[in-house]
Amino acid sequence: MSASRRNLAAFFALLAVGAVMPMLAGQARFPQWLEIVLGGLMSGVLYSLVALGLVLIFKASGVFNFAQGAMVLFAALSLVRMMEKMPFAVALALTLAIMVALAWLVERLVLRPLVNQDGIVLFMATLGVAYFLDGFGQIVWGNDVYTLDVGMPKEPKIILEKMFEGGILVNTEDLIAALIAAILVAALALFFQKTSTGRALRAVADDHQAAQSVGIPLNRIWVIVWSVAGLVALVAGVVWGSKLGVQFSLQQVALKALPVVILGGFTSIPGAIVGGLLIGLGEKLSEVYLGPSFGGGIENWFAYVLALVFLLFRPEGLFGERHIDRV
Amino acid sequence: MKGKLRYKAAALALAAAGGLAWAADALAQSKEIFVPVLVYRTGPYAPNGVPWADGFVDYLKLVNARDGGVNGVKLSYEECETGYATDRGVECYERLKSKHPVAFSPLSTGITYALTDKVDADHIVLITAGYGRADSVDGAVFKWNFPLMGTYWDGADILVQHVKKKGSLKGKKIALVYHDSPYGKEPIPVLEELAKKEGFTLLKLPVTHPGVEQKATWLQIRQQRPDYVFLWGWGVMNSTAIKEAIAVGYPRLQMYGVWWAAAEPDVLPAEQAAKGYNGLALEHSAENNLPIHKDMMKFLYDKGKGTAADKKEVGQVLYNRGMLSAMLTVEAIRTAQAKYGKGVMTADQVRWGAEHLNIDKARIKALGVEGMLQPMHTSCEDHEGVRMARIHTWDGSEWSYTSGWYTADYKLLRPMIEQSAMKYAAEKGIKPRDCKKEM
Amino acid sequence: MIYRETGQFKTTYASDQQLFPILQDRIFVIAFLVFAFGAVPFIATDYLFRAILTPFLILSLAAIGLNILVGYCGQLSLGTGGFMAVGAYAAYNLAIRLPSLNLLVVFVLAGLCSTVVGALFGIPSLRIKGFYLAVTTLAAQFFLDWAFARVGWFTNYSSSGSVSAPPLLFFGHVIEGPVEKYLFVLSIVCVLALVAKNLTRGAIGRSWMAMRDMDVAAEVIGIRPLYAKLTAFAVSSFFVGIAGALWAFIYLGAWEPLAFDVNRSFELLFMIIIGGLGSIVGSFLGAAFIVILPLALNQFPTALGIPISTATISEIELMVFGALIVFFLIAEPRGLARLWAIGKEKLRLWPFPH
């Protein structure tokens with residue numbers, strides 16, 4: 001086994017021990033532990049939804065899109081405000097159109113002029129786009145907390161009451177969110193594997209110049225990628241918005257997607273999912289079991305520290321490509 | 001070409017700076033009393049900050065429109081956006097200071113802490129109605145702070161009094177879900193003191209700003225199953241807490257929010273599911289058909305001059321609170337004018353007015369807020385005036401009172417207040433005033 | 001015509017390597033300093049000092065620190081707010097627990113505390129690069145935020161978590177009033193800016209720039225990456241820590257951990273992007289820009305008499321920030337400093353076109 005694989009195995013072994021420790025130490029009983037694991041996995045799915053968009057854009061254009069969180073918020077805001085005046089399906093279609101228009105604008109005004117610049121410069125440009133979208137979205141749609149009602153059930157379900165005392169709390173809303181995420185990933189996988197546009201996207205992700213020489217129009221591809229990322233942002237916005245209400249702080253949550261892509265690798269879609277699950281799980285477990293001894297509130301930084309430690313073992317992330325520096 | 005741009009930019013900057021200074025001077029010579037309003041209309045705290053700001057500004061407008069000012073002297077005001085951030089609050093304070101304001105209402109305990117150190121030297125009144133430093137009740141040390149109507153120590157004590165009525169607290173568990181900021185941490189000393197006295201365990205669960213990540217907190221609550229949950233949140237933290245409580249199935253009947261965590265923006269996102277959620281009502285609730293509200297409609301909204309975007313906001317909990325904050329500021333000005341003459345008041349004079357507020361039942365009725373305010377009387381040693389509250393409960397569509405009046409246990413709180421105030425005075429080298437002499 | 005170097009001959013290496021080799025530059029800088037120290041205290045208003053000059057100076061110091069790390073050494077860092085907090089709380093604890101210490105000593109020691117913490121969080125940079133490093137510096141930011149909110153010792157067990165600076169005793173004299181604070185901060189910033197400029201001109205600065213441009217090649221020719229990167233983090237954190245202590249003690253007076261949150265880190269990053277990466281002058285220009293812009297945006301509509309809500313102004317501010325960043329990155333990725341340099345270039349030829 002290569003050193004890197006060994007490191008990875010060691011990391012996961014440590015993680016598994018850490019996860020089961022509370023039960024071994026007698027601090028938790030199985031049903032409670034299971035609830036927290038489930039809760040963690042569910043919030044992990046939500047993080048992955050945002051991370052998906054990040055990975056998509058990075059894969060196809062090498063840009064680390066810091067504005068993904070702002071896109072999530074903008075999509076959700078547009079949808080919820082338009083839903084006040086028209087039926088859901090129409091609002092959804094219109095929001096999709098808005099996100100495509102946004103993608104086109106970003107490609108035209110931001111990406112094209114900066115086409116050969118460093119990664120850092122493009123990252124900072126997306127930072128600017130994030131701030132702009134932030135202000136623009138609030139001016140156009142307002143800055144209140146808006147309830148997004150897509151019919152998700154709010155009350156929890158208690159299952160397996162006979163087997164475990166008190167039963168296990170399962171949040172049906174989160175389950176549905178996980179289902180939606182799974183469908184989205186499957187749809188994206190199909191898109192990338194089976195359609196010609198998907199193949200073109202993969203070609204661009206592999207090598208920009210080679211793709212161009214084969215005749216793939218780079219600019220159009222970027223618009224498509226950003227539109228797909230916009231769609232993913234919309235789905236994430238709907239799921240998050242239904243849970244938390246559509247409001248400004250949604251994009252703060254999107255900051256958590258960064259450790260997710262670190263864990264999973266910047267260029268891998270399954271990595272985004274697995275990374276999200278790991279982060280969600282780690283966060284909730286640490287908060288509930290480690291938190292009290294630290295006074296609470298550690299879930300804010302735990303995800304980042306987890307990502308940091310992980311990077312020391314494997315700097316490219318779980319599924320990321322190995323980075324080779326040529327001098 | 002670019003060089004020219006540079007010179008133009010420099011010239012513009014200098015012009016702007018000069019203009020600012022000139023504008024500041026110009027206002028200083030005006031014949032109006034300037035009341036700055038520190039608000040937050042953006043950011044995660046906007047849903048709660050906006051109605052408060054609207055209520056505050058509406059009342060100032062009403063005094064000008066209906067009464068022609070305070071005894072003939074009009075009020076001028078200016079909003080400054082702080083986003084609930086302490087440094088922006090300080091920045092707003094510094095910027096508006098040059099316009100000779102009489103009183104600041106920062107609507108943030110964090111900003112209050114930062115400004116408390118400055119108002120002593122700058123001679124500006126700090127009115128923190130229903131928030132701020134609990135120890136600033138002691139006017140001997142905190143000459144310029146006025147936590148009128150109630151502090152968080154009162155709120156914590158009253159909540160414990162109320163739940164104690166449901167049964168002895170010995171052996172019970174109370175969880176405090178609080179915003180990890182000076183605002184949220186403020187009640188902890190009192191709650192710990194009461195935990196020792198009454199025999200309950202206090203479970204402290206901090207929530208980091210902005211407060212949308214509470215899943216782990218509420219999973220812990222489900223694990224620990226406390227008998228009561230006290231919510232000390234602000235902004236979106238409140239609605240998130242209620243939603244997460246619903247998601248883990250914690251009965252809303254056992255949840256009690258402080259008066260800043262029991263308003264419409266907190267429960268409306270969950271609507272019917274939040275039914276049974278209780279909160280402290282700082283003397284008032286969501287009354288909207290008292291004489292004062294009718295005046296608001298008549299003089300402002302019917303003429304299209306109201307501040308709120310939606311008329312329905314008038315009379316909501318936080319709107320009323322902002323309105324009362326402004327009202328108390330104006331009453332302080334009025335009291336000062338009674339002594340110093342009916343002209344433009346300085347901050348020192350308004351400070352005297354705030355320290356000698358005497359709002360009795362007749363005055364409350366004349367102000368049109370009967371039922372929303374209890375008689376209050378401030379003095380050098382008591383900058384609070386009154387410390388009463390009730391409980392109101394959300395029934396799915398509106399708030400209604402579900403308890404009688406409680407008064408905070410001053411005998412328990414006063415020694416704590418004095419101790420904390422003395423500590424502050426020692427730290428800052430302030431010599432406490434002798435209240436008996438000033439009487 | 002005015003800005004010509006002809007006739008200025010250097011006869012020693014030292015004079016050739018000096019900071020301002022052109023006489024006109026030297027005159028300009030000295031005049032500027034005389035103006036800043038001698039004239040401004042008399043002509044500027046209270047408001048200018050409190051709201052514009054003092055925060056501008058402190059933030060430019062922090063921007064210089066961040067520029068050293070990001071601009072000169074190429075290590076993207078989003079944790080600057082946390083390091084400012086380290087400096088602020090270290091200074092607070094030193095001042096409270098050792099009240100006999102001189103104020104300058106307190107600030108320097110606070111900077112050193114920040115240096116240690118910065119070097120610690122810089123260790124991962126040896127293995128992690130680029131965006132990954134940025135995210136790990138976020139770990140530093142959030143962890144430090146949490147530590148100062150949670151660990152009671154840092155805030156002297158204040159029940160509210162809010163702390164306030166003790167009176168600023170400097171050689172027996174209490175520094176109060178906007179003019180004194182301005183002069184104090186100005187002196188510190190001048191000295192430290194000089195230190196920064198000389199560091200970046202020296203061998204250590206060159207090793208930073210080598211790491212930024214091509215780290216593998218730099219290692220090949222013998223520059224030790226450990227040494228270069230860690231010193232970048234250390235020096236940067238020193239500056240940022242002192243800036244944090246100044247910000248807390250002199251500008252805010254009383255603060256809580258949220259004053260140094262992730263938004264502050266982004267604000268500093270914007271300053272150096274707009275001002276110019278890898279330039280000391282750029283740090284000052286960027287800081288000035290970011291300090292004045294919100295004020296100008298606030299005053300502009302009211303000056304024109306258009307009634308506009310504060311919420312809209314805040315949102316327009318965000319939009320303008322974002323748009324300006326993109327604009328600067330497209331039009332002049334090397335920021336305002338490059339515009340300044342071009343201006344000077346043109347001035348050297350003026351009135352001739354070439």
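The model shown is predicted, which means the values in this text are computed figures rather than measured ones. Below, chain A is the first sequence line, B the second, and so on; all start at residue 1.
When heavy atoms are compared at a cutoff of 4.5 Å, A:Phe66 approaches chain C solely by way of its side chain, counted from C-beta outward. Heavy-atom distances place the backbone of A:Leu109, and not its side chain, under 4.5 Å from chain C. Looking at C:Leu269, only its side chain comes within 4.5 Å of chain A, counting heavy atoms on both sides. For chain A, the nearby parts of C:Arg127 are the backbone and the side chain; heavy atoms of each come within less than 4.5 Å. Heavy atoms of A:Phe302 lying under 4.5 Å from chain C are absent altogether. Both the backbone and the side chain of C:Leu318 come within less than 4.5 Å of a heavy atom of chain A. With a 4.5 angstrom heavy-atom cutoff, A:Ala307 does not touch chain C via any of its atoms. For a residue to count as touching a neighbouring chain, one of its non-hydrogen atoms must lie under 4.5 Å from one of that chain's; by this rule A:Leu114 touches chain C with the side chain only.
Here the rule is side-chain contact (heavy atoms from CB on, under 4.5 Å) with A:Val121, and of C:Leu277, C:Ile273, C:Leu329, C:Ile330 only C:Leu329 fits it.
A distance-only check finds a donor-acceptor pair linking the side chain of C:Arg212 to the backbone of C:Gly71 [under 3.5 Å].
A donor-acceptor contact under 3.5 angstrom links the side chains of A:Asp134 and A:Gln138, judged on distance only.
C:Glu219 and C:Arg224 are not joined by a salt bridge, as no carboxylate oxygen comes within less than 4.0 angstrom of a charged side-chain nitrogen.
Within 6.0 Å of the CZ atom in C:Phe327, the count of heavy atoms belonging to other residues, nucleotides or ligands does not exceed 12.
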Audit row: C:Arg264, C:Glu267, salt bridge (charged side-chain N to carboxylate O under 4.0 Å, His left out) steps and yes/no: CA-CA 5 Å; C:Arg264 176 78 52 211; C:Glu267 189 186 38; 2.5 Å; yes
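When each of A:Val305, A:Ile298, A:Val261 is scored by its heavy-atom pairs under 4.5 Å with chain C, the top score falls to A:Ile298.
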